[in-house]
Amino acid sequence: MADQDRNRRVVIIGSDHAGFEAKSHVTDYLGRMGYSVLDLGTHSPESVDYPDFGVAVAKALPKHKDATGIVICGTGIGVSIAANKVAGARAALCTSPYHAEMARRHNNANILALGARTTTFEEMDAILDVWFATEFEGGRHQRRVDKIHSLTQK
Ligand code: RB5
């Protein structure tokens with residue numbers, strides 16, 4: 001297996017307390033599919049602050065080239081806002097398989113944000129299946145992604 005393919009099977013995941021149960025579900029689901037999941041917490045249902053986990057996942061991502069990040073909070077909104085403050089992060093909140101497809105094809109999103117209070121486990125599985133099956137199209141979309149990153153201070 002090429003390094004790139006191997007790394008694409010590495011997933012770095014984090015959630016706040018609202019996403020704690022969903023994180024376990026997603027971790028188990030991806031484990032059964034052969035992914036290697038690095039769990040950055042939270043590790044209990046006790047109340048925590050979602051930015052800590054969105055940022056932790058986004059900061060860990062460049063250490064594992066081509067890995068995927070997954071961040072989960074109640075709505076997916078807070079963790080995605082927080083993750084996108086980190087240079088290089090392209091976090092996309094997905095509530096349907098179509099969002100996941102477009103986030104990968106057009107935005108080359110490298111972090112999937114999920115809402116534990118808005119999305120069922122079954123819907124999450126469908127979103128994950130599409131996310132991992134979909135490649136970035138490049139071309140004009142690369143130019144647009146580059147424009148986004150030109151706004152971020154390293
Ligand atoms: C926690 O109650 C909730 O605010 C958080 O999980 C998330 O939905 C924030 O965007």
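Predicted model only: the values in this text are computed from it and were never measured. Both counts, for ligands and for their atoms, begin at 1 and track the order of listing.
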Pairwise side-chain contact, V26 with L128, heavy-atom cut-off 4.5 Å (strictly under): yes
Residue shell around ligand 1, heavy atom under 4.0 angstrom: D16, H17, A18, Y50, C73, G74, T75, G78, R117
Separation of N108 CG from R144 CZ (nearest 0.5 Å):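 Atom-to-atom, R144:CZ and N108:CG are 14.0 Å apart.
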Parallel, tilted or perpendicular, as decided by the 30° and 60° cut-offs, for the rings of F132 and Y35: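 It falls in the tilted class, 30° to 60°.
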Residue pair E46 / H17: nearest heavy atoms and the distance that separates them: O-CB, 3.3 Å
Y98, OH: over 12 other non-hydrogen atoms inside 6.0 angstrom: no
CD/Q142: more than 12 non-hydrogen atoms of other groups inside 6.0 Å: yes
